[in-house]
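Position 1 is the first residue of the sequence; numbering continues from there.
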Amino acid sequence: MSTPTPRPSVLFVCVHNAGRSQMAAAFLTHLAGDRVEVRSAGSAPADTVNPAVVDAMREVGVDISAETPKVLTVEAVRASDVVITMGCGDTCPVFPGKRYLDWRLDDPAGQGVDAVRPIRDEIERRVRGLLTDLDG
C-alpha cells in the first residue's frame, strides 16, 4: 500500500494582500483544486481586496469577492513548501529548506481594471508554470 504524496503548500506574499497575492492564490486554487494547499498574506495588509482586482478576476471566471487580506505570519511561512514574494522586500521571514521565488510584478494598488488586466494575465501565466513545476 503506497502512502499518499503530501500536497505541496504555496504561500503568496505581497505588501497589502489586496491584489497580486490574492490573484495568484485564486488562480492556483482555481487551476489546482485540492492538489495544492494555497495561502496568501501581506506584510501590511489592507482593509479590503482591491475592487479593480475583484472585477478583473471576475472577467476570467474567478470570484474573489469574499476574500479578505490576511497578515503574514511566521507560521504561514513555516507551513509552506514554496514562498512566492511580490514586492514585499525583506519583510518575509526566511527558513532553510523552503523554496523562495520573487515575482516582480507591477502593483495594482490605485489602478483601474484596464491596468490590472495585464498584471492578472502575467500572474496567471506564472501560476500555470508553477503548477507544471509542482506537478513535475
Compile the donor-acceptor pairs under 3.5 Å between side chains in residues 29-38 and protein atoms, sequence neighbours left out, one pair per line.
| residue | atom | partner | partner atom | Å |
| --- | --- | --- | --- | --- |
| T29 | OG1 | A25 | O | 2.9 |
| R35 | NH2 | D135 | OD2 | 3.0 |
| E37 | OE2 | R39 | NH2 | 2.9 |

Pairs of donor and acceptor atoms involving the side chains of residues 48-60, under 3.5 Å and at least two apart or interchain, shall be tabulated with distances.
| residue | atom | partner | partner atom | Å |
| --- | --- | --- | --- | --- |
| N50 | OD1 | A52 | N | 2.8 |
| N50 | ND2 | P108 | O | 3.1 |
| D55 | OD1 | R58 | NH1 | 3.2 |
| E59 | OE1 | R117 | NE | 2.7 |
| E59 | OE1 | R120 | NH1 | 3.1 |
| E59 | OE2 | R117 | NE | 3.4 |
| E59 | OE2 | R117 | NH2 | 2.6 |

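Side chain of R126 to backbone of W103: no donor-acceptor contact under 3.5 angstrom is found. Without hydrogens or angle criteria, K98 side chain to V83 main chain gives no donor-acceptor distance under 3.5 Å.
Side-chain contact of S9 with D81: a donor-acceptor pair under 3.5 Å is absent, judged by distance alone.
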Quiz item: Step by step, would you call V10 with L28 a side chain to side chain contact (heavy atoms under 4.5 Å, CB included)?
Solution: CA-CA 9 Å; V10 178; L28 186 54; 3.8 Å; yes
Exercise. Carefully, step by step, assess V13 and M86 under the rule side chain to side chain contact (heavy atoms under 4.5 Å, CB included).
Key: CA-CA 6 Å; V13 182; M86 302 170 174; over 6 Å; no
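Applying side chain to side chain contact (heavy atoms under 4.5 Å, CB included) to M23 and the options V62, V127, V116 leaves one that passes, V116.
Residues V82 and I84 have side chains in contact (heavy-atom distance under 4.5 Å, counting atoms from C-beta outward).
Of all heavy-atom pairs between P45 and V71, the closest is CG-CA, 3.5 Å. Taking every heavy atom of both residues into account, H16 and A44 meet most closely at ND1-O, 3.1 Å.
Cluster membership check: L11 shares its hydrophobic cluster with Y100, using side-chain heavy-atom separations under 4.5 Å among Ile, Leu, Val, Met, Phe, Trp and Tyr.
Applying the side-chain hydrogen bond (donor to acceptor under 3.5 Å, both in side chains) test to every pair with at least one member in residues 64-73, sequence neighbours left out, gives these pairs: D63-S65.
Look at R99 and D133 and you find a salt bridge, because one of the NZ, NE, NH1 or NH2 atoms lies within 4.0 Å of a carboxylate O, short of that distance.
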